[in-house]
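What's counted below: heavy atoms across the whole structure, side chains too, no hydrogens, waters or symmetry copies. Values in this document were obtained by computation on a predicted structure and should not be read as measured data.
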Amino acid sequence: AQNLRTFFLLLALFYPLPQLAALALSALFYPLPQLAASVLSALFYPLPQLAALALSALFYPLLLEFFLRQTQMPTHLQTVRSFIDQNFEKDLSVSDMAQAAGISPSLLFRLFEKEGTTPLACLQARRIEQARRLLLKKNDTVAQVGAACGFHDRAYFCKVFCRQVGLSPMAFRRSFL
């Protein structure tokens, strides 16, 4: 509830439409069922300002869902993402990641599926993120950068890098140097 109230306060401070800011501020002081009832009554009220408020309220569930997804990521996923950040250069399996979080591999897959990805895709994305940094900061060869990021086959590293970034590692390096 406190996170929700913080969200509404931030929404009220930074959202440019006064009507949505008023909706967000009112959510700080009124229970959500009462707020929903007032928004629904505003839908049928002829004043343009209240109609705009009601229209703005249509976006409220989307904003709320996004905020809740970002702030209430299950602790298991946080643990796995942290484990990946600390061990991405190693040969990791889904079983290793699940064991780090204390859950089964099938549950790990289901949790990542809710996020729209997979554990291995998350691991690959982290490796490519690090590879981008190393390609820009060091003069290591592509094979050395790939190995430092957990890719032991240069060709596979180049294939994955190109698929995710849209450029080969050398083209990426040249475009930023």
Supply the atom-to-atom distance [X] [atom1] to [Y] [atom2], rounded to the nearest 0.5 angstrom.
| X | Y | atom1 | atom2 | answer |
| --- | --- | --- | --- | --- |
| Ser104 | His76 | OG | NE2 | 9.5 Å |
| Leu77 | Cys122 | CG | SG | 8.5 Å |
| Gln164 | Arg132 | CD | CZ | 8.0 Å |
| Arg173 | Leu134 | CZ | CG | 9.0 Å |
| Arg133 | Ile128 | CZ | CD1 | 12.5 Å |
| Ser93 | Gln99 | OG | CD | 8.5 Å |

Shortest non-hydrogen contact from Pro119 toward Met97: CB-SD, 3.8 Å
Exercise: identify the closest heavy-atom pair between Cys149 and Arg127: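 That would be O-CG, 2.9 Å.
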Heavy-atom check, side chain of [X] versus side chain of [Y], under 4.5 Å:
| X | Y | result |
| --- | --- | --- |
| Arg163 | Val160 | yes |
| Leu167 | Ser175 | yes |
| Ser168 | Cys158 | no |
| Leu108 | Val80 | yes |
| Phe109 | Leu120 | no |
| Leu135 | Asp140 | no |

Single-linkage hydrophobic cluster, 4.5 Å side-chain cutoff, Leu136 and Phe88 together: no
Flag, side chain of Thr79 to backbone of Thr75, donor-acceptor distance under 3.5 Å: yes
Side-chain donor or acceptor of Gln86 paired with backbone N/O of Phe83 under 3.5 Å: no
Residue pairs involving residues 83-109 (criterion salt bridge (Lys or Arg N to Asp or Glu O under 4.0 Å); sequence neighbours excluded): Asp85-Arg126
Aromatic plane relationship, Phe172 with Phe161 - under 30° parallel, 30 to 60° tilted, over 60° perpendicular: perpendicular
